[in-house]
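Worksheet: the structure to be examined is printed underneath.
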Amino acid sequence: MRSKIMTDEETAFFCEQLAMIMESGVPLADGLADFAAESGDDEFIKTVGSLSGFTDGSMTLSAAMDKAGNFPAYAVKTIKIGETTGRLEDVLRGLSDYYIRRSDIRMTIKSAVVHPMLLLGMMTAVVVILVMKIIPMFREIFEQFGDTSAGTAAEGIEFAARTGTAVMFVLIAVLFISVIVYILAKNPQTGQKLSEIMANMPIMRGISEAVAMANITGAVSMMTSCGIHPEETLELASGLTNNKRVSARLSDCEKMVLEGEYFAEAVKKSGLLPPVYARPLRSAYKAGSFDTAWKKISERYESECDRKITGAVSFIEPLIIGVLAVITGIILLTVMLPLAQMMTAVG
């Protein structure tokens, strides 16, 4: 049996297969067991094996998933509502789409982190080569001269060596820390704490809120399209983000709705959505097109999330390249200028 929480990709695949089995008209428990046996996918077979209480008919699907302990809590709770309302197939398809979008956001973030790390690695490699190979080579050249200009050049070489060595150790330390943080972020527990820390950093605040809102609005859009009541959508969505500011606004909105506040007004007053989104949501609620409005809001937040991440990468990558060019240029000029003066003097 699996011992870790399923990834977004695995959850999306699992929900998609369940929806396809239901669409075929085969009893879900029987179809799931048969499909697992025929799939040849070891991970999927293990996943189905953890649902023995469902496949033998002694538990509901949500109860078996909860007992297995390796499914995301949000998926379990949403499926339980789908079982209660009789719209399990719609819920499963909605969950599959939601986790696919969530996975896409994670991949975008991963790409935004990996590219600068690769550039930082290249930058470190260039400086290491300069310090370990290029500068010693020029030192040997200057040692062959015995005049005053050679002494001046030797001073430049030593300055370049000291500067390059300091920069090299700084870059190695930054690269090492970046790799450690990246590895820790892949662990669910440490990754959650790192997300909370980064969410409070001024430079990351906008991106963190954009990611949180993309996840929440995507979930609410999925749930409203499946006929889940607004109160329940807020309760379920509350566990989907570690961003404290977004969580606080979501909690305020949920509290207002439970106290009897009109849903669209609660969204506006709590600040969960800005007025530009809250007003159309109120009109859509009256017109009976609530799910359509949330879908559009979700798509806009997803686009905003992509835009902010892309914007951050487009700023960081040229910055790293520019810093590399400046550092390399300073070190090389410190070495080359004395050499050029010596060559002029000899000529």
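Along the sequence shown, residues are numbered consecutively beginning with 1.
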> Yes or no on side chain to side chain contact (heavy atoms under 4.5 Å, CB included) for L273 and T217, after CA distance, side-chain angles and deciding distance?
Replying inline: CA-CA 10 Å; L273 296 179; T217 55; 4.3 Å; yes

> Could you give the distance from OG1 (T60) to CG (L88), rounded to the nearest 0.5 Å?
Replying inline: 10.0 Å

>> Does any part of the side chain of V174, heavy atoms only, come nearer than 4.5 Å to the side chain of S178, both counted from C-beta?
In response: yes

> In terms of hydrophobic clustering (I, L, V, M, F, W, Y; side-chain heavy atoms under 4.5 Å; direct or indirect links), are V167 and I134 co-clustered?
Replying inline: yes

> Counting only N and O atoms by type, is there a donor-acceptor contact under 3.5 Å from the side chain of S270 to the main-chain atoms of A266?
Replying inline: yes

>> Run Y99 and F13 through side chain to side chain contact (heavy atoms under 4.5 Å, CB included) and show every step you take.
In response: CA-CA 9 Å; Y99 277 105; F13 175 76; over 6 Å; no

> Linking I/L/V/M/F/W/Y whenever any side-chain heavy atoms sit under 4.5 Å apart, do V128 and I321 land together?
Replying inline: yes

> Who are the ring pair (Phe, Tyr, Trp, His ring centres under 6.0 Å) partners of F54, not counting sequence neighbours?
Replying inline: none

> Who passes salt bridge (Lys or Arg N to Asp or Glu O under 4.0 Å) against E83, sequence neighbours left out?
Replying inline: none

>> Run T233 and T224 through side chain to side chain contact (heavy atoms under 4.5 Å, CB included) and show every step you take.
In response: CA-CA 7 Å; T233 66; T224 53; 4.2 Å; yes

> In Å and rounded to the nearest 0.5 Å, what is the CG to NZ distance from L272 to K269?
Replying inline: 14.5 Å

> Does any non-hydrogen side-chain atom of L18 lie less than 4.5 Å from one of L61?
Replying inline: yes

>> Looking at every heavy atom in both A68 and L51, which two are closest together, and how far apart are they?
In response: CB-CD2, 4.5 Å

>> When you compare the side chain of E16 with that of R93, does any pair of heavy atoms fall below 4.5 Å?
In response: no

>> Can a donor-acceptor pair be found, under 3.5 Å and without considering hydrogens, that links the side chain of R249 to the backbone of G271?
In response: yes

> Roughly how far apart are C253 SG and K268 NZ, rounded to 0.5 Å?
Replying inline: 13.5 Å

> Which pairs count as side-chain hydrogen bond (donor to acceptor under 3.5 Å, both in side chains) when at least one residue sits in residues 299-309, sequence neighbours excluded?
Replying inline: none

> About how many Å separate CG of N215 and CG of D8, when rounded to the nearest 0.5 Å?
Replying inline: 8.5 Å

>> Between K255 and E261, does the salt bridge (charged side-chain N to carboxylate O under 4.0 Å, His left out) criterion hold? Intermediate values first, please.
In response: CA-CA 9 Å; K255 182 180 179 180; E261 183 71 61; over 6 Å; no

> Where do P72 and I5 come nearest, in terms of heavy atoms and distance?
Replying inline: N-CG2, 4.1 Å

> Take atom CE in M117; do more than 12 heavy atoms of anything else shown fall under 6.0 Å from it?
Replying inline: yes

> Would F14 and F71 count as a close aromatic pair, with their ring centres under 6.0 Å?
Replying inline: yes

> Taking all non-hydrogen atoms of both residues, which atom of A237 and which atom of V220 are closest, and how far apart?
Replying inline: CB-CG2, 4.3 Å

> Is there a side-chain contact between S50 and N70 (heavy atoms, below 4.5 Å)?
Replying inline: yes

> More than 12 heavy atoms of other residues, nucleotides or ligands under 6.0 Å from CZ of F176: is that the case?
Replying inline: no

> Considering all heavy atoms of both residues, which atom of G218 and which atom of Y98 are nearest to each other, and what is their separation?
Replying inline: C-CD1, 3.8 Å

> Are M20 and L92 connected in a single hydrophobic cluster, I mean Ile/Leu/Val/Met/Phe/Trp/Tyr linked by side-chain heavy atoms less than 4.5 Å apart?
Replying inline: no

> When rounded to the nearest 0.5 angstrom, what is the spacing between CD in E254 and OG in S251?
Replying inline: 6.0 Å

>> Could you walk me through whether M168 and T124 satisfy the side chain to side chain contact (heavy atoms under 4.5 Å, CB included) test, starting with their C-alpha distance in whole Å, then the side-chain angles of each, then the deciding distance to 0.1 Å, before giving a yes or no?
In response: CA-CA 6 Å; M168 179 182 69; T124 304; 5.5 Å; no

>> Taking the side chain as everything from C-beta on, heavy atoms only, tell me whether Y262 gets closer than 4.5 Å to V257.
In response: no

> With respect to R87, which candidate in T84, T85, D90 satisfies the side chain to side chain donor-acceptor pair (under 3.5 Å) definition?
Replying inline: D90

>> Given 3.5 Å as the limit, does a donor-acceptor pair link the side chain of S298 with the main chain of W294, or not?
In response: no

> Looking at I320 and P116, what are the two nearest heavy atoms and their distance?
Replying inline: CD1-O, 3.7 Å

>> Among V179, V323, I316, L171, exactly one meets side chain to side chain contact (heavy atoms under 4.5 Å, CB included) together with L120. Which residue is that?
In response: L171

>> Would you say that T292 contacts K296 through its side chain, given a criterion of any heavy-atom pair below 4.5 Å between the two side chains?
In response: yes

>> With salt bridge (charged side-chain N to carboxylate O under 4.0 Å, His left out) as the criterion, how do R245 and E209 come out once you've worked through the C-alpha distance, each side chain's angles and the decisive distance to 0.1 Å?
In response: CA-CA 8 Å; R245 288 175 293 276; E209 290 198 15; 2.8 Å; yes

> Side chains of M213 and V246: does their closest heavy-atom pair fall under 4.5 Å?
Replying inline: yes

> Say you draw a straight line from CE of M65 to NZ of K80; how long is it, rounded to the nearest 0.5 Å?
Replying inline: 12.5 Å

> If you take all heavy atoms of C305 and A214, which pair is closest and at what distance?
Replying inline: CB-CB, 4.1 Å

> Honestly curious: do M132 and V170 fall in one hydrophobic cluster under the side-chain, below-4.5 Å linking rule?
Replying inline: yes

> Shared ILVMFWY cluster between F169 and I129, side chains joined below 4.5 angstrom?
Replying inline: yes

> Do E9 and I100 have side chains that get closer than 4.5 Å, going by heavy atoms?
Replying inline: no

